[in-house]
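Written below as C-alpha cells is the structure these notes are about.
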Amino acid sequence: MSFHIQLPFVSVSDAPAPRTVHLVRSQDTETIDRLLGEHGAFLKTQGFSSRNGAFTLLPGENGAGAALLCVDAARLNDPTAFGLLGTALPAGDWLAVLHGVEDGVQETALLGFAMGAYCYRVGQDQDAATRMVVPDTVEAASAIAKANWFGRDLINTPANLLGPQDLAQSAYRALDGRGAEVRIVEGDDLKAAYPCLAEVGEGSERKPAVVVARWTAREGAPRLSLVGKGVCFDTGGYDLKPAAGMLRMKKDMGGAALMLAVMCAAIDLKLDIDLELRLGCVENSVSGHAMRPGDVLKTRSGKFVEIGNTDAEGRLVLCDLITEAAESVPDYIVDAATLTGAARVALGPDLPAVFSNSDEFAQLLLESGLDTADALWRLPLWHGYDAWLDSKIADLGNITSKPMAGAITAALYLQRFVPDGQKWLHIDTYAWNDANSPGRPEGGETLALRALLKMIARLGRSS
C-alpha cells in the first residue's frame, strides 16, 4: 500500500492573496486589543477573552477577512498549541503573522497547523481546502509534518490493508526514495537470522519480514541504530486477547511506524548522523503453527526463551533485532514498541516510558522532549526484579509470575540482549490518541518523534 503525503502547505508564489491569521501571546493584551479593533467590544460581550487557545475570525469585505489565535507564552514551543488552526480556519490560503514572539515560533506554528489538519479516511486522497503559506526559509516544519502524517497513516491503516509485507514494502519505498540502502529479509533467510522473531509470525498466513536500512550523512558521524516493533495485528496468540483488547491492535506496529518516521525526517533534515534501522514486521495470530505457552524458542543471541505468555510477543520480536543491531557496535541503540499495558497504567496514554542503561543518554532524550513539548518519562531498570525473568528450563522467560512492574520487567528482558558497555534506550509508547484534541486527532500518533529528532540533531553536533 502506498501513501501520498500532500501537506496543506503552499508556497508564497502560489498564494498571491492569502488572508492573515495573527498569532499573539495571550498575555499581550495591548496587541490583541489593537488587532481586534472596532470588533473588540462586540467580541468581548460574546465571551471572547485573551486566554490561551482563544480563537476568533475577524470580519472582512467578503466574510472572514482575518483570524486571531492567542497562545500562552509558556507554550510557544508546543505545536499542539497551534493545532486548532488545522480545523478552525475556513477554506482558502492563510499567512501566519507573528506578533511579539521569536521567529522560530513560525516553524512550530506551521507544524501545529499541519498536525491539526491531518485526517485519515480509507480511499480518500484529496487536496486540502485550507492551506498555510510556507516561506522558502522554513524547512523543518515540512519535514517533521510529513513524517508525522506518514507515521499516523501507517498506524491508522486497517490490518487487512497493512500486513507485514505491506509494512515492509512501505518502508522500502519511503527509504529507497530518500537514497538509503534498504533490504527486506524474509523466508528462510529470516528464519536463520531472526529465529525468535520468525516463531512469532508462524501462526499467520501473512509471513514476517525484516527491514534493514542504512543512511549516512558523512563518514565518522555518530552511529545510531533504530529498532522498531512492527506487529501489524496482535491477537495475543493462544493467550487470546478479549474482544475489547483487540479493537486497537492494528496500532501494535506503532513502534516501527515511529522509527521509520524518525529516519525519514532525519534524512530530509540532513541531520549529521549515521543511521541504521531494523523493523520487525510480523503478525501474532492463532493457528496450528503458532507458538504455544510453554514452548522454548532460540534467539539470534543463542539464548533460549521459555514462553510464559504468547501475548508478550513484542519483546520476542525486538530481542533478535537488538542483538543484530549491537553486532555493528553502534554508538547508540534506540528501540520503540507498543510493548506493555503496564506503562500506560503508570503514565497514561500521552507519556511514553523511557528506560536506559545510560543516564546521560536518557537525559539527552528527556531534555529534547521538554524543548520540543514532546514529553517522555523515565522509569527505572530496577535490577531487583531481574531474577523474576529466570526460567527453570531456559535462559529466561518472556514474562514473570509477578502481577507487578510489567513495563520494567519487559525492559529488563530486552536489556538481557544488550551487550555490556553498549548505550541503549527503550521507549514503551502508546502510539495513539484516544480522543480529538488540538493538533492530535483521534487515532495513530507518533509520540516522541520531535524529541527523537532533536536528540539526533544534538548527537550530531556533539561529535
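Sequential numbering from 1 along the given sequence is applied to the chain's residues.
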Derivation of the salt bridge (Lys or Arg N to Asp or Glu O under 4.0 Å) call for Asp93 and Arg131: CA-CA 5 Å; Asp93 295 335; Arg131 304 185 301 179; 2.8 Å; yes
Give a yes or no on whether a salt bridge exists between [X] and [Y], defined as a side-chain N under 4.0 angstrom from a carboxylate O.
| X | Y | value |
| --- | --- | --- |
| Asp274 | Arg218 | no |
| Asp268 | Arg178 | yes |
| Asp434 | Arg344 | no |
| Asp371 | Arg458 | yes |
| Lys251 | Glu445 | no |
| Arg278 | Asp320 | no |
| Arg183 | Asp176 | no |

Decide if atom [atom1] of [X] counts as having more than 12 heavy atoms of other residues, nucleotides or ligands within a radius under 6.0 Å.
| X | atom1 | result |
| --- | --- | --- |
| Gln46 | CD | yes |
| Tyr172 | OH | no |
| Glu181 | CD | no |

Does the salt bridge (Lys or Arg N to Asp or Glu O under 4.0 Å) test come out yes or no for Asp311 and Lys241, once each step is laid out? CA-CA 8 Å; Asp311 196 21; Lys241 293 178 183 291; 3.0 Å; yes
Take Leu23 and Phe82 through the test side chain to side chain contact (heavy atoms under 4.5 Å, CB included) and record every step on the way to the result. CA-CA 9 Å; Leu23 307 179; Phe82 303 91; 4.1 Å; yes
Quick check: does any side chain N or O of [X] sit under 3.5 Å from a backbone N or O of [Y], one acting as donor and the other as acceptor?
| X | Y | value |
| --- | --- | --- |
| Thr20 | His22 | no |
| Thr87 | Leu84 | yes |
| Asp28 | Val24 | no |
| Ser26 | Cys70 | no |
| Asp374 | Ala451 | yes |
| Asp428 | Leu339 | yes |
| Asn357 | Gln422 | yes |
| Ser142 | Glu139 | no |
| Arg450 | Ala373 | yes |
| Arg440 | Ala435 | no |

For [X] and [Y], does a side-chain donor sit closer than 3.5 Å to a side-chain acceptor?
| X | Y | value |
| --- | --- | --- |
| Gln165 | Gln169 | no |
| Tyr118 | Asp153 | yes |
| Thr80 | Arg75 | yes |

Side chain to side chain donor-acceptor pair (under 3.5 Å) assessment of Thr235 paired with Asn284: CA-CA 6 Å; Thr235 66; Asn284 187 25; 5.0 Å; no
Intermediate values then yes/no, side chain to side chain contact (heavy atoms under 4.5 Å, CB included), Thr216 and Arg214: CA-CA 7 Å; Thr216 306; Arg214 175 86 182 277; 3.4 Å; yes
Heavy-atom pair with the smallest gap, counting every atom of [X] and [Y]:
| X | Y | result |
| --- | --- | --- |
| Gln415 | Leu381 | NE2-CD1, 3.8 Å |
| Tyr120 | Pro158 | OH-CD, 3.5 Å |
| Ala257 | Gly151 | CB-O, 3.9 Å |
| Thr372 | Pro79 | O-CD, 4.0 Å |
| Lys250 | Thr157 | CD-O, 3.8 Å |
| Ala325 | Val227 | CB-CG2, 4.1 Å |

Evaluate Ser13 against Ser11 for side chain to side chain donor-acceptor pair (under 3.5 Å), listing each step before the verdict. CA-CA 5 Å; Ser13 59; Ser11 66; 3.2 Å; yes
As a quick check of understanding, evaluate salt bridge (Lys or Arg N to Asp or Glu O under 4.0 Å) for Asp234 and Arg248, giving each step before the final call. CA-CA 9 Å; Asp234 180 19; Arg248 291 178 179 161; over 6 Å; no
The test is side chain to side chain contact (heavy atoms under 4.5 Å, CB included); show your working for Ile427 and Leu452 and say whether it passes. CA-CA 11 Å; Ile427 300 173; Leu452 284 165; 4.0 Å; yes
Aromatic ring pairing Trp382/Tyr385, orientation class (parallel under 30°, perpendicular over 60°, tilted between):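 It falls in the perpendicular class, over 60°.
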Distance, nearest 0.5 Å, that separates CE of Met263 from CD1 of Ile273: 10.5 Å
Measure the CG-CG distance between Leu459 and Leu365 for me, rounded to the nearest 0.5 Å. 9.5 Å
Determine whether Gln6 and Lys146 satisfy the following criterion, side chain to side chain contact (heavy atoms under 4.5 Å, CB included), listing intermediate values before the conclusion. CA-CA 8 Å; Gln6 183 62 49; Lys146 282 182 181 178; over 6 Å; no
As a quick check of understanding, evaluate salt bridge (Lys or Arg N to Asp or Glu O under 4.0 Å) for Glu313 and Lys229, giving each step before the final call. CA-CA 10 Å; Glu313 86 297 335; Lys229 170 190 170 185; 3.5 Å; yes
